[in-house]
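The block underneath contains the structure these notes are about, expressed in structure tokens.
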Amino acid sequence: GSIQQGSELTAQDLEEQAWVMREPGSGTRQAMAKALTHIGLDVDRLRTAMEVRSTQATVACVAAGIGLSATSRLVAMPLVEQGVLEILEVAGLVMERQFFAISRLGRNMLPATKVFAKYLIKECSRLYTT
């Protein structure tokens, strides 16, 4: 089925579309599967048009018109801002992922590394809370 621009999608709408999927085991696919379960949809019921191994490949395939996909807003935003892609809203769907900054235990961070870590935390908080 076709999608009306700006409309909120349902689980049934998602089942009717072709999908560009990340490979089994990827964090994005796991987060998507978990989110879909909450709206009563099994990720394996989606029509997979193509399976890819990177976020860049996912975005390129969606931009080429192969299908829908779920990916990081951060990765998609440049093409959204250019008018190539659009972010679709799905009724009841909340997709979350956690990321961690890590460093070696017992080792002091250089001042530049500390500044960079604070910057990442601030920027990631800003990007994922809007």
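Numbering of residues begins at 1 and proceeds along the displayed sequence. All of these numbers come straight from a predicted model, not from anything done at the bench.
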Q. Donor-acceptor pair, Arg47 side chain versus Trp19 backbone, under 3.5 Å?
A. no
Q) Listed by chain and number, what are the side-chain contact (heavy atoms from CB on, under 4.5 Å) partners of Gln30, not counting sequence neighbours? A) none
Q) Does Val52 share a hydrophobic cluster with Leu79, counting links as ILVMFWY side-chain heavy atoms below 4.5 Å and allowing steps through other members? A) yes
For residues 54-70, which side-chain N or O atoms pair as donor and acceptor with protein atoms under 3.5 Å away, sequence neighbours left out?
{"from": "Ser54", "atom 1": "OG", "to": "Ala57", "atom 2": "N", "distance (Å)": "3.0"}
{"from": "Thr58", "atom 1": "OG1", "to": "Ser54", "atom 2": "O", "distance (Å)": "2.9"}
{"from": "Ser69", "atom 1": "OG", "to": "Val20", "atom 2": "O", "distance (Å)": "2.7"}

Name each donor-acceptor pair under 3.5 Å that joins a side chain in residues 101-108 to protein atoms two or more places apart or in another chain, with its distance.
none

Q: Would you please test Leu46 and Met32 for side chain to side chain contact (heavy atoms under 4.5 Å, CB included) and show each step?
A: CA-CA 11 Å; Leu46 297 179; Met32 182 179 171; 3.5 Å; yes
Q) Do Ile87 and Met77 come within less than 4.5 Å of each other through their side chains, counting heavy atoms only? A) yes
Q) How about Met95 and Arg73: do any of their side-chain heavy atoms sit closer than 4.5 Å? A) no
Q. Considering all heavy atoms of both residues, which atom of Glu8 and which atom of Val90 are nearest to each other, and what is their separation?
A. CG-C, 4.1 Å
Q: Output all residues satisfying salt bridge (Lys or Arg N to Asp or Glu O under 4.0 Å) with Glu23, sequence neighbours left out; order by chain, then residue number.
A: none
Q. Taking only residues at least two apart or on different chains, which pairs with a member in residues 57-70 satisfy salt bridge (Lys or Arg N to Asp or Glu O under 4.0 Å)?
A. none
**Q.** Counterpart residues, side-chain contact (heavy atoms from CB on, under 4.5 Å), relative to Thr10 (two or more places apart)
**A.** Gln12, Asp13
Q) Judged by atom type as modelled, is there a donor-acceptor pair below 3.5 Å linking the side chain of Arg22 to the main-chain atoms of Glu51? A) no
